[in-house]
Amino acid sequence: MESSPTQEFEYLFKLLMIGDSGVGKSSLLLCFTSDSFEDLSPTIGVDFKVKYLTMEGKKLKLAIWDTAGQERFRTLTSSYYRGAQGIIMAYDVTRRETFTNLSEIWAKEIDLYSTNPECVKMLVGNKVDKESDRVVTKKEGIDFARECGCLFTECSAKTRANVQQCFEELVLKILDTPSLLAEGSKGNKKNIFKDKPSQSDATSSCC
Amino acid sequence: MEEQTFVSKARTAFHSAAAKAERVLLDFKSDREDHDKQSSPNTFTGQQPEAESPHTNENDSKLRSELKHIKWRPPHLGIKQDWQDRIKNIRRGRKEVEDTDKVGDASMAVPFYDDNLYLLNMKNDLEAKASEAIPSVESLTAATKDPIPPSSVLKQLAIAVEAGSKAKSMKDLIASSGVSSPARERAGLSFSAVKALVLREKEDKLTSEFTSNEKVVQLINSLFDPEGDFLRRKINSNLEETAMTSLPRDIHGAPPESLVVKLAEILGNYKTLRKMALFWCRVVAELRKLWSEEQYLPGVPQNEIPDLKSCLLYQHFQVINCCISRKRFRIIATESLDSMMMQANSDIKESTDCCAGAPASPVLYARLNSGELVLRLGADHPAGDMTLLETGEPVYSPITQEGPLLTEDLIRETEEFVLRTGSVGAGCSQLLSDMQAFKAANPGCILEDFVRWYSPPDWTDNEASTEDSDVFDSGEPLSTRGQLSQRMQKEGNLWRELWETSKPVPAVKQAPLFDEDLALEGILNAFEDIHPSDLFGQLFVSLLGLGFAIAEPMLSSNSDFSKLFYDCKEYIIVACQNNKLNEKVDDLVQVYETVEKMLLDPEEALKMIRQTEESTMVTGEPRSPFRTLSLIFGGKDKLLRKSVSKDQTNDEEKSGRQSFSSFFDSKSSLFGKKPPKSGFPSPSAKSSIDTGWTVV
């Protein structure tokens, strides 16, 4: 649970986290927004958190949507691809199946449901703290990211290694993309926070 | 233009000179176009800017002027002939218009003569209206012989988009006096006021006459005929499938051959905004009828979730068909379940009478540890070779409810709602529904069984259980067969709380996660209240996409035209992805006319290309087929005005979606906070679970 005070911002960006169940998406998000670690119960449907940042002199508000990876929730979560400027594709370096499913399942979901042709995608390998159990090498991750045309990083939500950099790198790439920057601008009429930003700051967990 | 010039001469020489001077000024001061239009009190001079688009380059302007001169000059017209003779000639000339290709040109002349006829003779005016070309199944079918829809059809939709942005609702268009262009609408205000006094009592009669008109009924029947090939054109399939389908989605249109595109072609053939609006109302009435009869819409997939890259109208049509599929399936599933339960009851009697132990095959049972047989409800198919941990019975995947069908507007609304309230109840609703269905299909199951089926990564098998699989040992402790993941075992885990609260209820007997009737009522109401510029804008873009999709295989291999064609295609993609379609419809029509000319009159198109190239070389300007467009992009005042109207449109859209916000509000109360643990004491929970089963 996090309660943020109302803050001013100039840009709002929507980020989406996808990947198999149990790879650590929710823990990554908690680590980034609260700098803490918990072995969280499985996400039911979708959850979200809000994070304020200042980067390159711009005040940013990130709405980060966390999705359940179970197959039954896929129709429900497919709605949240719409309009996302950034998408994080997460896998667990200790479970090869979660890496394989990125190309078998999740990349196809992005093609189907993403409505933003220029959205920035980032491949994230989590749980690198379990080096002795690793089954997906860093090189495999790099090769897949290059093939997919997306950013790549490895991190650990448990040790908090590289998590902050992961999200910041994604946001920097969004800021470097003019069409995405324009979409996130507060002046953009499509921006859902334009009229009532003060009511949108509270974050809460499911139910 | 000859008629225009002639009529001007009927006035004093001074007025004639003033008209010519004004035309010259407008040619050089196109940036003041709107201001001049508003200030001009003169009916006839007000028409000139419309007749000659100031955005056309000089060559095109002259070319069109010459073409119209040739087409519309009656060969026998003389200065000395009186009005009656001229009227007869006009009627004779209009009867010769047979091709739909030329109807668009006729629309330029008709309103002009309407005004004159009114001045001279109201009766003649009414007669003239009666002879106006009316679209019919025959005329539209004949038009499909052209390779792509005529640009006149697209132009009429463009006129509707522009006029629609000034109207408040579709009802405004129905109430209008039938003018077909913004300029004429303003110029004819005084005439409209007078006509309204005379014709007001006949308005209702005209409306009912339109909707029951034989041609309209035939058009509706053909449009919704699932077996017909009405308005089907040959689309060359040599290109890759992706190329064919990508353009309509890039411009947020609708697939070729879909219901939206056919509707666009029909509406674009009507000559007045009022009739376009009336036909749309007739379509909405037909949609209500099809929904009440559970009949599919033709030209729309029958069971696909909305395609967010297509226009909203197409998404709504997809939802309609998907809801029909779901309703049909639920009826079948409910009948199947009821039939099975009746069979089970009669099996009990037979078993008692004959002492037969084997039940009939369609009825599925599971045996509990106590030896009782319990009916499986809503079981779909075996879940691989999984067996229940405690009873050893096979695990069945249940029939489950499907999630909500969300179009782009509802997705935006849902997201705003979740962000504003923090409620994420939709996931919990679905999980609870799935748990209840699983319990009904698998009597004797425990949470671990559900997790193994629903979320395999959260279960770990022990190797010991694999080795012991051949030996049945009911006394074996659960912990040695496997265990839930750490995160699933956490105290306060909502999955376990939902599991404890769920009852065994098959999906078809549960409260619906997505209420089809409520959703469809919202869609049909939105159709009735749709803003004209929203409707005609989507139809315009869809028809534009069809024309380009058909033209691409024909022109892409033509060395003379492929470059220009792809320039046109790129332009429309960029223009349509922009928010401000209203400002671009005229330019898009020009682009479309260019493509049309490349197909229908290639030699003329080649000449135009060479002229453009020569003039570019002479002037030294950068080569671009759309040089005049820079004037539009540079017009900031215009952008600001359009922005204001766009904001109003957005506000109207949001207010129209109030009912769905209340729908989600009611859902949020279910999961506003976690249920207290003390509410579920273990003994009573177990007993309630037991009493939920159907014991045989």
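Chain A is the first sequence line, chain B the second, and so forth, proteins listed ahead of strands; every chain is numbered from 1. Scope of the values below: all heavy atoms of this structure, side chains included, with no hydrogens, waters or symmetry mates. Everything numeric here is computed off the predicted structure, so don't read it as measured data.
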Exercise. Begin with the C-alpha distance, continue with both residues' side-chain angles, and end with the deciding distance and a verdict on side chain to side chain contact (heavy atoms under 4.5 Å, CB included) for A:Trp65 and B:Val418.
Key: CA-CA 11 Å; A:Trp65 294 90; B:Val418 171; 3.7 Å; yes

Quiz item: Is A:Arg72 paired with B:Asp434 through a side-chain N to carboxylate O contact shorter than 4.0 Å?
Solution: yes

Practice problem: Answer with side chain, backbone, both or neither: which region of B:Glu402 has an atom nearer than 4.5 Å to a non-hydrogen atom of chain A? | Solution: neither

Practice problem: Could you tell me which of B:Gly403, B:Pro404, B:Gly427 has the largest number of non-hydrogen atom pairs under 4.5 Å with chain A? | Solution: B:Gly427

Quiz item: Any sub-3.5 Å donor-acceptor pair from B:Trp495's side-chain atoms to A:Ser41's backbone N or O?
Solution: no

Quiz item: Of the listed residues (B:Gln486, B:Met488, B:Gln430), which shares the most heavy-atom pairs with chain A below a 4.5 Å separation?
Solution: B:Gln430

Self-check item: Derivation and outcome, salt bridge (charged side-chain N to carboxylate O under 4.0 Å, His left out), residues B:Glu415 and A:Arg82
Solution: CA-CA 10 Å; B:Glu415 201 170 301; A:Arg82 197 195 74 91; 5.5 Å; no

Quiz prompt | Residue part contacting chain A, namely of B:Asp458, when any heavy atom lies under 4.5 Å | solution = side chain

Exercise. Kindly indicate, with the supporting measurements, whether the criterion salt bridge (charged side-chain N to carboxylate O under 4.0 Å, His left out) is fulfilled by B:Lys490 and A:Glu38.
Key: CA-CA 11 Å; B:Lys490 279 188 58 173; A:Glu38 267 188 72; 3.3 Å; yes

Quiz item: For the atom pair OG1 (B:Thr414) and OH (A:Tyr80), what is the distance rounded to the nearest 0.5 Å?
Solution: 6.0 Å

Quiz item: Is the side chain of B:Lys309 donor-acceptor paired with the backbone N or O of A:Tyr113 at a distance under 3.5 Å, no angle test?
Solution: no

Practice problem: Counting only heavy atoms closer than 4.5 Å, note whether A:Thr98 contacts chain B via side chain, backbone, both or neither. | Solution: neither

Quiz item: Could you give the distance from CD1 (A:Ile44) to CG (B:Leu494), rounded to the nearest 0.5 Å?
Solution: 4.0 Å

Exercise. Might you confirm whether atom CD of A:Glu71 has over 12 heavy atoms from other residues, nucleotides or ligands at distances under 6.0 Å?
Key: no

Quiz item: Where does B:Asp250 contact chain A at under 4.5 Å (heavy atoms): side chain, backbone, both or neither?
Solution: neither

Exercise. Let me know if A:Ser114 has heavy atoms under 4.5 Å from chain B in its side chain, its backbone, both or neither.
Key: backbone

